[in-house]
Structures are given as structure tokens and as C-alpha cells.
Amino acid sequence: MKIIKILPLFILLISMLLQSACAQDQQIQWQPELTDDWTPVTDSVSTVGHFAAPPSDATILFDGTDLSHWESAPGYFPHMQGVPDYLEALQRDHDPAPWKVEDGVMTVVPGSGNIKTKAGFGDIHLHIEWRTPEEIDGDGQGRGNSGVFLQGLYEIQVLDSWLNPTYSNGQAGAIYKQKAPMVNASRPPGEWQSYDIFFEAPHFDEDGNVIKKAYVTVLHNGILIHHRQQLQGPTVYIGLSHYEAHSRSLPIGLQDHGDLVSFRNIWIREL
Ligand code: MG
């Protein structure tokens, strides 16, 4: 009998505690550092890279001659307010890609802005080769930073991560701010490196609910660093991500983060 008498009081106490916990959660003041994941430090493996000629059914996005498949892109996603702003920005007219092409290589022109493919893509295998400057300038996130933005929304980080400590989920090959690579397969600055990225685009229903989340598998210099990893949502710099509905097919972006990062031999196979 005693237990029955105090049961309502007990339930009331539990519900008050739950409400208090929820209120605290809503009061979190998100700072960029709160989603930096410094541990564990990812083990390093040495590689020679994986520099693959395009197969016969690939679409060539950059063969070293010109940027005809690319155009300038408005700000990269973490600077946008959200997916709708990004989609709206895609509708605008775009100028030619402002990066430099020389000796078969395209290089970021710092301050000129991001670039994106003219075409949109959904499920893909993307091969891309990249190189950070041989001369080390800066540290952490300020050293050879760029990024491959799948559908312009989901960043696979490009960074000089050779003996360059930073948060693990922000190093080369990280799904930025979401998942560190399984290993650090980085080569020294000035050396060419490769990503083979297998991306499954998210699906949304007519009401905008996500019915299949995005997944990504990544080889860095031929080494598996993500195996069908589920994405939490688009890349965000501050706070936690969540999905917002978008088209099944969107352009691929490359990031101008102010560093002289170069790219070559970019090709794609639609899956
Ligand atoms: Mg980046």
C-alpha cells in the first residue's frame, strides 16, 4: 500500500528531473570547439598513393587542361545559414572558376572563393588527387586546408596532416566535425595524394523527411579510412548537424580555405 501511495510523487519527481535536463540541453551555447574531437589520436600508416587513370566509362572532371567543368561557387557550406540558402545560391548565375591551371594542375587562388562542378551528381565514385604546399606555412587547420564537398554539403577534409596535430575529426580524410578517419594515411607536404570516395546520396520523402541517410566510403592513398560511414547530416562548423531535404543530384564543391592546395586527375563514375 505504501508503495502505491508514494508512486505519484515518484513519477512527479522523475518528470521534473527530465524537464530540467531538457532545459539544460536547450541552453547549450554552441562554440566551434565543442565539436572538435581530439582523442583518440589516429594512428599513422605510410603509403605511396593511388594514382589511377580513369576507366573508360568515367566522366572526366579535370584532365589538366582547363576548368570547363567547373564554375565559381558561392561561399562554402559552413558559411551558409543552412541547406535552403545553399540551394538558393545554386540557382544564381556563376562566373568561370577563378582558380589557376598550370602544368596540368589546378591550384586554389586564395581569396577567390570555392568552385563547384557545373553538373550535379548523386551516388558516385569520385577519384581526386591533391597536394598541399611543400613549404610548410601555418599549423593545425591553417596548413594546406581545402575540402571536397560532396553535393556541396558534405565535406571530406583536405589538410596537410603530416606531423600536424589537430582535432582528429578535422584531419585529412575526416568527415569534417563528424568522424575521424580510421588511420592517418597522409603523405608529406608537397607529395601528391589521392582520395577515392564512394558516396551514397541521402533520400527524402515528399514531406522533406530523410528516409535514407547519406553514407560514404573513402580510400586515402588507397587505404580504407571510412567504410560505409553514415553521415549525421551536412557539414556544420558550429553545433550538431541534421538533415534538410535537397535534390538527389547536386554539384561537387572544392574549398578555397586560403591555402595553395592543388588538384589533378579528377574523374567520376555515377553509381
Ligand atoms: Mg576544409
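We're numbering straight along the sequence, starting at 1. Both counts, for ligands and for their atoms, begin at 1 and track the order of listing.
A salt bridge does not link Lys177 to Glu155: none of the charged side-chain nitrogens sits closer than 4.0 Å to a carboxylate oxygen. Arg264 has a carboxylate O that lies under 4.0 Å from a charged side-chain N of Glu129, or vice versa, which qualifies the two as a salt bridge.
In summary, Ser146 places an N/O/S atom under 2.8 Å from the Mg ion (ligand 1), meeting the contact criterion. Under 2.8 Å from the Mg ion (ligand 1) lies an N/O/S atom of Gln157, whether from backbone or side chain.
Inspection of the Thr166 and Gln141 side chains reveals an N or O donor paired with an N or O acceptor under 3.5 Å.
With respect to the Mg ion (ligand 1), Glu155 has OE2 as its nearest N, O or S atom.
Distance alone, capped at 3.5 Å, places no donor-acceptor pair between the Thr132 side chain and the Leu159 backbone.
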